[in-house]
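One structure below.
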Amino acid sequence: MGGVLRVEPLWVETFTGLRMRQFERLVRVVRERGGNGPGGGRPWCLPLADRVLLVAVYYRTNLTMRQLAPLFGVSPATVCRVIKRLRPLLAIEPASRPADAVERLWIVDGTLIPVRDRKVGASSRNYRFSANVQVIIDADSKLVIAAARPVPGNTADARAWRDSGLATVCEGVTALADGAYINTGLVVPHRKRPGRALLPGEEEDNAEHRKVRARVEHAFARMKHYKILRDCRQRGNGLHHAVQAVAHMHNLALAA
């Protein structure tokens, strides 16, 4: 059975949100991380580029494996094996401290992602079973710097941030956050105190803070074009791998 989707500009740009040169960079990263090996057993029935396309299409469209199988001319079991084999290799590169850290401005926020796995998510404020994922983005470029492992969606943002281990990534960099991150070392808005309104200068600071911090919401909106982040059916580490891969593809789409 022949597949419909192939690594051609029309299919890549339509089904992944990446241009051809951006997709080729993604394939190169996966190959350098060992996506073609080690050998052993039967060879894959799809070349590496098609397998990377399969995973990217899965994350972008959130089609089931039974639906993806005829599109690529393989069995649902092969689709499952390809996704499990390649999904860790699509992850975003670990962030390193930039040379001009003092001049950088980063933004921290958490987003809720609906999940099916009861061991990963929890009933949360969006009235769905969700997981909380903490993300750092660069305020100027809107590139994702790092994303933490998911925690249950009923976890407060401040606690999720403290437990994420991302604070070390922000050392030496000014990082903004909303009022939920008080006492975390991040720059948060001024808060009203009982019996005292905000001073005029504080109101202006808060207005500017909101204006800049809105960029992280724009980044989340772009990332959630990948429908896997609207309803993740993957279990175990599946959501974590999906967030890391989507962050990588989001960065490729913005940087190139």
Side-chain angles (χ1 to χ4, degrees), residues 1-93 113-121 129 131 133 147 149-150 223-253 256:
M1 179 175 63
V4 177
L5 298 188
R6 296 178 298 276
V7 180
E8 297 175 357
L10 173 64
W11 304 120
V12 169
E13 295 176 13
T14 301
F15 282 91
T16 70
L18 300 175
R19 295 185 178 179
M20 195 63 192
R21 67 177 183 275
Q22 297 164 346
F23 178 76
E24 289 170 351
R25 289 177 58 186
L26 182 64
V27 174
R28 186 165 61 250
V29 169
V30 173
R31 182 180 293 110
E32 291 170 352
R33 293 175 177 176
N36 257 342
R42 290 188 303 171
W44 292 99
C45 57
L46 294 174
L48 178 62
D50 283 353
R51 282 180 274 141
V52 175
L53 177 62
L54 188 156
V55 181
V57 169
Y58 173 63
Y59 285 154
R60 183 77 173 186
T61 65
N62 206 21
L63 293 173
T64 65
M65 296 178 190
R66 187 182 295 272
Q67 291 167 329
L68 284 171
L71 294 178
F72 286 88
V74 296
S75 68
T78 298
V79 173
C80 181
R81 287 194 296 270
V82 169
I83 292 172
K84 287 186 176 180
R85 172 72 178 91
L86 292 188
R87 65 187 184 183
L89 306 183
L90 271 68
I92 188 174
E93 291 282 354
I113 299 175
V115 293
R116 305 287 183 92
D117 188 350
R118 299 281 166 163
K119 295 181 181 179
V120 175
F129 212 80
V133 178
R149 280 191 167 274
M223 291 174 68
K224 289 185 179 181
H225 288 166
Y226 292 85
K227 294 184 180 180
I228 191 73
L229 301 189
R230 299 185 190 180
D231 181 19
C232 183
R233 297 186 297 271
Q234 292 277 296
R235 296 186 177 277
N237 288 325
L239 175 59
H240 176 62
H241 291 312
V243 170
Q244 297 293 315
V246 168
H248 189 180
M249 291 187 281
H250 165 83
N251 286 358
L252 286 175

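- Nearest heavy atom pair, residue Ala56 against residue Met249, reads CB-SD, 3.9 Å.
- Atom CD of Glu93 is separated from atom CD of Gln244 by 11.0 Å, given to the nearest 0.5 angstrom.
- Counting only distance, with no hydrogens or angles, the side chain of Glu13 and the backbone of Leu10 share no donor-acceptor pair below 3.5 Å.
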Pair Val246, Met223 - check side chain to side chain contact (heavy atoms under 4.5 Å, CB included), show working.
CA-CA 6 Å; Val246 168; Met223 291 174 68; 4.0 Å; yes

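- Side-chain contact, Tyr58 with Gln67: no donor N or O sits under 3.5 Å from an acceptor N or O.
- Between the side chain of His248 and the backbone N or O of Leu90, at least one donor-acceptor pair lies under 3.5 Å.
- For the residue pair Arg87 / Asn237, no side-chain donor-acceptor distance below 3.5 Å is found, with atom types taken as modelled.
- Judged by distance alone, the side chain of Arg51 and the main-chain N or O of Val82 form no donor-acceptor pair under 3.5 Å.
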Sequence neighbours excluded and cut-off under 3.5 Å, please list the side-chain donor-acceptor pairs for residues 226-233, or say none.
from	atom 1	to	atom 2	distance (Å)
Tyr226	OH	Thr16	O	3.0
Arg230	NE	Lys224	O	2.8
Arg230	NH2	Lys224	O	3.2
Asp231	OD1	Arg116	NE	3.0
Asp231	OD2	Arg116	NH2	2.7
Arg233	NH1	Asn62	O	3.3
Arg233	NH2	Asn62	O	3.0
Arg233	NH2	Leu63	O	3.2

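- Across every non-hydrogen atom of Val7 and Met20, the tightest pair is CG1-CE, 3.3 Å.
- Judged by the 6.0 Å and 45° rule, Arg118 forms a cation-pi pair with Phe129.
- Between the side chain of Arg33 and the backbone N or O of Ala91 there is at least one donor-acceptor pair closer than 3.5 Å.
- To the nearest 0.5 Å, atoms OH (Tyr59) and CG (Leu54) are separated by 10.5 Å.
- Residues Thr78 and Cys45 meet the side-chain proximity criterion, which asks for heavy atoms closer than 4.5 Å.
- Contacts of Thr14 classified as side chain to side chain donor-acceptor pair (under 3.5 Å), with partners at least two apart in sequence or in another chain: none.
- Rounding to the nearest 0.5 Å places CG of Leu252 at 5.5 Å from CZ of Arg25.
- For Asp117 (side chain) and Gly236 (main-chain N/O), a donor-acceptor pair under 3.5 Å exists by modelled atom type.
- Separating the NE2 atom in His241 from the CG atom in Leu89 is a distance of 9.5 Å, to the nearest 0.5 Å.
- Annotation for Trp11 and Leu5: closest pair CE3-CD2, 3.6 Å, computed over non-hydrogen atoms.
- Taking all atoms of both residues into account, the shortest heavy-atom contact from Ala49 to Phe23 is O-CZ, 3.4 Å.
- When all heavy atoms of Phe72 and Val57 are compared, the pair lying nearest together is CZ-CG2, 4.3 Å.
- Counting all heavy atoms, side chain and backbone alike, Leu48 lies closest to Arg31 at CD2-CB, 3.7 Å.
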